[in-house]
Participant: 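I am attaching a structure below and will ask some questions about it afterwards.
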Amino acid sequence: MDTEITLLVDGERHPLVVDTRTTLLDALRERLRITSPKKGCDHGQCGACTVLVDGRRVNSCLVLAVTVDDAEVTTSDGLAAEGEHPLHRAFLDNDAFQCGYCTPGQVCSAAGVLAEAKAGWPSTVTDDLTAEDVDLTDDEIRDRMSGNLCRCAAYAHIVPAVAAVAEAEGVRR
Amino acid sequence: MTTVDRILGAGVERIDGPAKVRGTAPYAYEQDPGEPICHVAVVQSTVNRGRITRLDPTAAEAMPGVLAVLTPANAPRLGEGLTSDLPVLQSLDVHYQGQIVAAVVAESSEIAKAAVGAVAVEYSAHEPDVVLSADRPDLYAPDQLMAGFETDSVIGDVDGALAAAAVTVDATYETPTQHNNPIEMHTSMARWDSDRLTMWDANQGPHTIVNDLMTAFGLERGQVRVISPYVGGAFGSKAFTHPNQILAAMAAKVVGRTVVFELTRQQMFCLVGHRTPTIQRIRLGADAEGRLTAISHEVVEHTSRINEFAEQTATPTRVLYAAPHRRTTHRLARLDVPPPTIMRAPGETPGMFALESAMDELAHELGIDPVELRIRNEPERDPERDVPWSSRNLVACLRTGAERFGWAGRDLRPGVREDGRWLIGTGVAAATYPARRRKAECRITGHGDGRWTVEIDGSDIGTGAWTALTQIAADALGVELAAIELKIGDSDLPFAGGAGGSTGLASWGSAIVLTARDVRRQLDERYGGQLPADGVVVKGEVPGPSPHAEDYSMHAFGAHFVEVRVDRDTGEVRLPRASSVYAAGAIVNARTARSQFLGGFSMGVSMALHEESIADERFGHYVNHDLAEYHVATNADIGEIDIHWVEEHDPWVNELGIKGIGEIGITGAAAAVANAYWHATGLRVRDLPITPDKYFRDAPRRTAAR
Ligand code: FES
Ligand code: FES
């Protein structure tokens with residue numbers, strides 16, 4: 001069954017017709033040919049497809065396109081709309097990738113982590129669940145970024161990349 | 001012109017980096033074929049060995065949006081000479097579970113996937129035979145191993161030396177089937193323009209793929225072009241052609257449209273190869289001072305019924321330590337499994353787990369520090385070929401690593417360190433990987449305005465080749481980085497072998513250096529050292545292996561030191577820190593090299609603690625065929641990793657003195673983890689991966705040992 005929707009991606013409106021079975025990831029990659037988000041599993045297991053929907057990170061392969069009609073979708077490419085994003089710079093500075101295929105997902109996920117930390121959300125490794133402020137220690141970053149697999153295993157470079165931006169944005173002491 | 005030696009070695013930022021972090025670097029499916037793209041989805045066999053008895057595509061064919069259903073009955077005939085699983089849809093016979101038995105081509109991926117479910121297939125089948133064991137009566141010795149290695153090697157009287165040895169170790173180690181699982185799934189997008197085929201594809205070297213497409217479709221070289229400038233990881237699975245490239249080209253031909261075949265993650269477990277499981281018996285004999293008198297390494301592994309992939313598992317044992325009496329053997333069983341292939345450091349990776357675990361066991365038997373044991377057995381020359389080393393700095397790696405890690409004063413006793421509920425241990429293992437060079441051609445064009453175009457069909461699967469080759473070209477031509485336009489990843493470019501065997505930079509870089517030397521010679525001779533206004537074009541090549549390869553043994557070496565913490569109540573294993581030190585010749589780009597070493601080592605940690613493809617004995621399939629069930633290391637699994645390399649100048653390996661660094665990091669890493677686990681717990685896990693259940697399986701032994 002086909003349905004008409006409008007996707008708002010990286011600030012641009014895209015009216016389109018999708019099969020109701022179409023995921024947000026496939027709507028982006030296959031219909032709109034917006035290929036910054038990657039497909040690494042299609043089952044919510046790798047994080048390569050991570051985008052921000054209304055500022056929160058989601059696995060876009062687990063979202064049906066028809067459910068995000070008019071929501072604001074941001075890809076890693078969209079984060080650079082006003083020039084190089086601090087996370088992009090930090091990933092480059094730390095060589096936090098090799099093949100680059102998981103990377104746009106890592107970057108979006110990191111943007112989500114920073115927002116969650118600013119909102120005071122604890123993680124499974126947070127000692128004090130009631131604390132107002134989150135301190136994005138290395139262990140916090142490792143845990144919060146673990147939904148994004150990197151088979152090139154750039155993890156030990158992703159942590160300092162995210163840490164650098166966390167520090168600049170006041171969520172790491 | 002003069003040589004300016006300022007760019008090599010520098011940590012130049014990846015030139016493809018900005019596009020990769022934004023996600024705009026176009027991987028296979030992300031290229032623009034110039035017309036709408038149809039999608040392929042496949043029906044796969046549910047039996048391991050047998051024959052299709054009924055296949056009814058009519059319901060699928062009738063679905064709106066379905067353009068074609070290809071089956072063995074209607075698929076175009078492919079050319080003779082395709083091997084293994086490449087003759088796609090050419091017969092009703094089934095050789096492994098997951099084999100493609102039909103393919104749907106449809107207007108959208110949703111329609112294609114839905115139509116797959118509407119194809120009815122029945123089979124007559126044998127019981128699957130998928131279990132490897134060391135006592136199978138059908139084990140056989142292959143004629144030779146992968147990469148041309150001898151199947152067996154025997155020097156001296158191993159059994160006699162073992163019988164006479166003061167101390168011996170005799171242990172059997174097992175590594176499971178593993179899957180490469182690059183995050184970009186294998187993807188092939190094909191378009192025909194009359195009798196010319198263009199394919200945008202995820203692979204490790206376009207020329208390899210072109211050859212098989214020519215065979216499959218009866219084409220001349222100029223009729224096929226494979227384009228692969230960006231590849232989302234590979235680790236060996238994208239080195240050779242797999243059914244996806246053949247099927248994509250076939251489907252595009254049948255429907256007369258551009259089609260894409262993007263594998264699913266589940267399909268990555270049967271259609272693009274795996275690392276064979278191994279069963280390895282190691283016997284070591286030593287005198288009371290720890291000098292090895294005998295080394296025996298006997299390997300049992302599997303291959304499929306339709307290809308012989310004989311992994312060179314015991315080959316590192318032929319080079320690592322001195323011993324007068326030595327033996328290595330390899331035996332294979334043909335099972336009803338998909339064709340195995342190369343996976344990061346095939347041979348060295350499973351082989352070094354066994355050898356370097358056994359060395360740790362020997363050190364314990366002798367009461368000698370395991371670093372010291374290795375140093376005592378350092379061979380002056382290649383112990384089997386009896387030629388000198390082109391360079392060898394394993395001892396320097398061991399000493400430097402020990403210092404960086406803080407190894408001195410380590411208590412040799414296992415199972416005695418605790419921090420709250422954590423049992424703590426440290427472990428060491430050596431690393432090694434051969435340094436080779438292969439044939440590669442190159443074309444350099446100097447433009448009158450001072451820009452240079454350097455063309456070679458190299459491949460960047462994440463290694464940093466885009467950047468490192470640009471540095472090499474700039475240095476060799478004596479110009480700024482910005483003056484170089486590099487072109488790689490396209491079969492229309494001059495020939496080069498793929499990114500594999502850690503030969504990429506050594507081969508492609510050498511071709512660029514030699515060609516650039518010729519450029520400069522020609523400029524000097526004809527144009528007074530200046531680039532003429534109408535430019536120059538110079539072709540060059542490196543013909544193949546180093547001319548010194550017969551006279552010297554060429555290998556990179558390294559040493560891993562790791563700390564492991566094991567939860568005494570749950571058996572959970574953590575790896576808080578490690579130091580990993582390498583001697584791998586000249587390093588072209590400090591930044592990307594560090595990432596390669598780090599990635600290799602971390603994949604070894606993943607192998608040690610997580611990775612295992614489990615075949616169901618009754619139904620013959622891999623039960624954990626996705627990333628939720630086939631565990632790979634996540635961010636939280638990797639602690640602080642200190643990567644370091646020692647200076648090494650090797651005049652014999654190639655023009656650049658580089659040894660290749662994509663694979664050495666994984667070799668030995670799993671043994672270092674297992675050795676540290678033993679040091680923490682007193683439990684010697686000889687069958688990877690070291691999952692928490694094995695802590696409880698082996699815990700009675702631990703109690704007994706205390
Ligand atoms: S593609 Fe969505 S999580 Fe893997
Ligand atoms: S950079 Fe290759 S998977 Fe992460």
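Quantities reported herein were computed from a predicted structural model and do not represent experimental measurements. We name chains A, B, ... by the order of the sequence lines, and we start the count at 1 in each one.
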Participant: At a heavy-atom distance under 4.5 Å, which candidate from Thr264(B), Ile461(B), Asp637(B), Asn635(B) has the highest pair count against chain A?
Facilitator: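 Among the listed options, the one with the most contacts to chain A is Asn635(B).
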
Participant: Measure distances from Gln31(B) to the heavy atoms of chain A and classify the residue's part below 4.5 Å as side chain, backbone, both or neither.
Facilitator: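 When you check distances to chain A, only backbone atoms of Gln31(B) fall under 4.5 Å.
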
Participant: Picking from Arg144(A), Arg89(A), Met145(A), which has the most non-hydrogen pairs under 4.5 angstrom with chain B?
Facilitator: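 Highest number of pairs under 4.5 Å: Arg89(A).
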
Participant: What part of Asp138(A) gets closer than 4.5 Å to chain B, counting heavy atoms only: side chain, backbone, both or neither?
Facilitator: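 For Asp138(A), the side chain is the part near chain B, not the backbone.
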
Participant: Can you tell me which portion of Leu92(A) sits under 4.5 Å from chain B's heavy atoms? Options are side chain, backbone, both or neither.
Facilitator: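 Both backbone and side chain.
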
Participant: I'd like to know if Arg13(A) pairs up with Asp70(A) as an ion pair, taking the criterion as any Lys NZ or Arg NE/NH1/NH2 lying under 4.0 Å from an Asp or Glu carboxylate oxygen.
Facilitator: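 Yes, Arg13(A) and Asp70(A) are salt-bridged.
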
Participant: For His85(A), is it the side chain, the backbone, both, or neither that has a heavy atom closer than 4.5 Å to a heavy atom of chain B?
Facilitator: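 No part of it gets close to chain B.
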
Participant: Taking CD in Glu4(A) as the centre, count heavy atoms belonging to other residues, nucleotides or ligands within less than 6.0 Å. Is the count above 12?
Facilitator: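 Counting neighbours around CD of Glu4(A), 12 or fewer heavy atoms of other residues, nucleotides or ligands fall under 6.0 Å, so no.
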
Participant: I need the Cys46(A) SG to Leu627(B) CG distance, nearest 0.5 Å.
Facilitator: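 The distance works out to 6.5 Å.
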
Participant: What part of Ser595(B) gets within 4.5 angstrom of chain A, counting heavy atoms only: side chain, backbone, both, or neither?
Facilitator: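 Answer is both: backbone and side chain atoms of Ser595(B) are under 4.5 Å from chain A.
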
Participant: Please look at Glu13(B) and chain A and tell me whether the side chain, the backbone, both or neither of the residue comes under 4.5 angstrom of a heavy atom of that chain.
Facilitator: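 Glu13(B) touches chain A through side-chain heavy atoms alone.
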
Participant: Working to the nearest 0.5 Å, report the span between NZ of Lys118(A) and CD of Glu169(A).
Facilitator: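 Answer rounded to 0.5 Å: 3.5 Å.
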
Participant: State whether a side-chain donor-acceptor pair under 3.5 Å links Ser76(A) with His88(A).
Facilitator: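 Looking only at side-chain atoms, His88(A) and Ser76(A) do form a donor-acceptor pair, the distance falling under 3.5 Å.
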
Participant: Which atoms of Ala628(B) are under 4.5 Å from chain A, going by heavy atoms: the side chain, the backbone, both sets, or neither?
Facilitator: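 Contact with chain A: backbone and side chain both.
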
Participant: Name the region of Glu262(B), side chain, backbone, both or neither, that has any atom closer than 4.5 Å to a heavy atom of chain A.
Facilitator: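 It is the side chain, since no backbone atom gets that close.
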
Participant: Would Glu116(A) and Arg57(A) pass as an ion pair if we require N to O under 4.0 Å?
Facilitator: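 A salt bridge is present here (some side-chain N lies under 4.0 Å from a carboxylate O).
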
Participant: Are there more than 12 heavy atoms of other residues, nucleotides or ligands under 6.0 Å from atom CZ of Arg33(A)?
Facilitator: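 Yes, because the 6.0 Å sphere around CZ of Arg33(A) holds more than 12 heavy atoms from other groups.
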
Participant: Please classify the contact between Gln596(B) and chain A as side chain, backbone, both or neither, with a heavy-atom cut-off of under 4.5 Å.
Facilitator: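 Its backbone and side chain both get close to chain A.
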
Participant: Side chain, backbone, both or neither: which part of Asp42(A) has a non-hydrogen atom closer than 4.5 Å to chain B?
Facilitator: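 Contact with chain B involves the side chain of Asp42(A) alone.
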
Participant: Less than 4.5 Å to any heavy atom of chain A: does that hold for the side chain of Ile37(B), its backbone, both, or neither?
Facilitator: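 For Ile37(B), side-chain heavy atoms alone lie under 4.5 Å from chain A.
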
Participant: Does any backbone or side-chain atom of Pro18(B) lie under 4.5 Å from a heavy atom of chain A? Answer side chain, backbone, both or neither.
Facilitator: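 When you check distances to chain A, atoms from both the backbone and side chain of Pro18(B) fall under 4.5 Å.
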
